[in-house]
Amino acid sequence: MSLVAFPFKNEDPEVLIGNVKVALSHPRVEEVLCVGASEDRCFTALAEASPKLEKEHGKPVKVIVQERIGELRPGKGDGMNTALKYFLEETSYRRLHFYDADIVSFSQEWITKAEEAADQGFDVVRHYFPRASTDAMITWHITRTGFAILWPESTLPWIEQPLGGELLLSRSVAEQLLNDERVRRQSDWGIDTLYTFAIVQNQFSLYETYIGVGKLHKLYGKLTDLKTMLIECFSAIQSLQGERVPKGGTHRIEYPGPVPQKVREKIGYDVEGSLSLLAEGWTPRQEELLAYFPDKVQEGMLACRSFPRFGFMDEDTWYRVYQILLEHFDPTDRDWQELIFRLWLARVLEYTVTVALRGYDYALHYLHQMVSRYAAQAFGKGG
Ligand code: DGY
């Protein structure tokens, strides 16, 4: 029997309460846990609604505030780890499901598919979805790229959505994660990277289940919305770079179905709004930091101060830039934070106009091939 956990922060209470009801109606679910970042409006609405929900479904609905467990910015990591702790210390259920609280397309099928894969003996089940060709820009250019560069022989680069917040963990996986000092420390957006990494490093078997309706959730505007996430996701990978990960491992991916037209046509971010960000916020120190990078990156980025430029940030250049960032980036330094954001922005814009413009199928094929090329290149260099 299973516990379903929804970590949340300032979500639309109606959406979250709807999702709680879906989970409570599932025969495999014994209890629902909602972990709020703070006692915000959504928390209050949920706490008020929970006695009625419990009565209607005859199952407990707990609404708690996340504990301070980690050492970095208190964020999603503390929320997920609080749920792990609750699951292990307060219950004896066999499985724990996590779902993002803002999904408007959530249904019982998500739970059923995960349970069915776990019934076949998989330790971890991750949900993956069709995503727009200009969405998932951290996933592709930071996380999967980093996994390919650093651990090309492991299964890490081949995990479809390593930052996804929808997953099922068996009890032994939850124990392993909560006992892992690195996981407990990661209180911020880096938590998904840490869970994915620790699961693969410990060789748990992994199934990725495909949810064809896609994950309809709030959209991003300008790419600045993703700045903190980008920095924390890169920094999580950087903190792991000295680690060893075994080759291979059990990893099955459910074959994807046709991609809904809505996803194929969606534009993942505000391109025009993001262009101007290349020119904003430069400091003399950031200009100095550019000295670490190849000449064409230095020149291109400096030129951005007066006019947006990004054509230089192609796939091979990004590989080099990424390696330099692994060595020199300081996540606590404001100038490095601004610089990594702008370097990544140049990569995303270059990809958008040279690849994504060619159409959905072309772009998705390119992104998968790009990860393979990065892994092959890193493999040739001994990882
Ligand atoms: C990602 O890159 O996967 C983030 O969710 C932003 O889209």
Side-chain angles (χ1 to χ4, degrees), residues 6-11 73 75-77 79-80 98-106 126-149 156-167 186 188-197 208 210-211 214-238 253 256 259 262-271 273-274 277 313 318 322 325 340-352 355-356 360 363-364 366-368 370-371 374:
F6 294 100
F8 70 94
K9 181 181 177 182
N10 273 330
E11 301 303 341
R73 184 185 61 80
K76 188 185 179 197
M80 290 185 79
F98 279 108
Y99 298 104
D100 278 359
D102 64 339
I103 309 169
V104 294
S105 49
F106 188 59
R126 304 184 60 96
H127 300 69
Y128 81 103
F129 321 91
R131 296 187 72 179
S133 62
T134 46
D135 190 8
M137 293 291 97
I138 299 177
T139 293
W140 287 110
H141 301 296
I142 297 293
T143 313
R144 294 189 67 169
T145 291
F147 283 167
I149 293 178
L156 284 168
W158 320 115
I159 294 175
E160 278 295 324
Q161 284 162 13
L163 301 182
E166 292 73 29
L167 65 164
Q186 199 77 40
D188 60 11
W189 285 119
I191 193 63
D192 303 300
T193 308
L194 263 287
Y195 276 27
T196 304
F197 182 85
E208 294 194 75
Y210 182 74
I211 304 286
K215 181 174 150 187
L216 306 176
H217 64 137
K218 283 185 301 199
L219 272 186
Y220 307 108
K222 280 201 227 177
L223 288 174
T224 17
D225 293 5
L226 296 180
K227 197 192 276 184
T228 309
M229 192 191 284
L230 158 77
I231 292 162
E232 293 177 355
C233 289
F234 180 82
S235 168
I237 294 213
Q238 190 190 29
I253 311 181
V259 176
K262 253 206 287 203
V263 175
R264 299 173 70 89
E265 288 172 2
K266 192 170 96 179
I267 299 172
Y269 68 95
D270 168 6
V271 180
S274 298
L277 300 173
M313 198 64 95
W318 182 242
Y322 201 104
L325 288 168
I340 195 176
F341 173 67
R342 252 181 259 121
L343 290 162
W344 168 79
L345 194 58
R347 176 68 191 121
V348 171
L349 287 162
E350 197 276 345
Y351 155 81
T352 303
V355 180
Y360 185 84
L364 267 287
Y366 168 87
L367 288 167
H368 284 90
M370 173 190 85
V371 171
Y374 281 152

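Order of listing sets the numbers, starting from 1, for every ligand and every atom in it.
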**Q** Under a 4.0 Å heavy-atom limit, does Met137 contact ligand 1 with its side chain, its backbone, both, or neither?
**A**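 The answer is the backbone.
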
**Q** Students often mix this up, so state it plainly: with edges at 30° and 60°, are the rings of His127 and Phe129 parallel, tilted or perpendicular?
**A**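 Judged by the thresholds at 30° and 60°, the geometry between His127 and Phe129 is parallel.
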
**Q** Between Trp318 (side chain) and His141 (backbone), is there a donor-acceptor pair under 3.5 Å?
**A**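 At least one qualifying donor-acceptor pair exists.
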
**Q** For ligand 1, find out whether one of its N or O atoms is nearer than 3.5 Å to an N or O atom of Ile138.
**A** yes

**Q** Give the atoms of ligand 1, by number and element, whose distance to some non-hydrogen atom of Thr139 is under 4.0 Å.
**A** 1 (C), 2 (O), 3 (O)

**Q** Atoms of ligand 1 less than 4.0 Å from Asp135 heavy atoms?
**A**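 Heavy-atom distances to Asp135 below 4.0 Å select 7 (O).
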
**Q** Treating Ser133 as the side-chain partner and Ala363 as the backbone partner, does any N or O pair qualify as donor plus acceptor under 3.5 Å?
**A**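 No.
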
**Q** Of all the heavy atoms in Gln161, does at least one lie under 4.0 Å from an atom in ligand 1?
**A**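 Not so, Gln161 does not reach ligand 1.
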
**Q** Ring centroid separation for Phe234 and Tyr322, is it under 6.0 angstrom?
**A**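 Aromatic pair counts; centres sit under 6.0 Å.
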
**Q** I'd like to check the ring pair (Phe, Tyr, Trp, His ring centres under 6.0 Å) partners of Trp140; sequence neighbours left out, ordered by chain and number.
**A**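 Result, ring pair (Phe, Tyr, Trp, His ring centres under 6.0 Å) vs Trp140: His368.
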
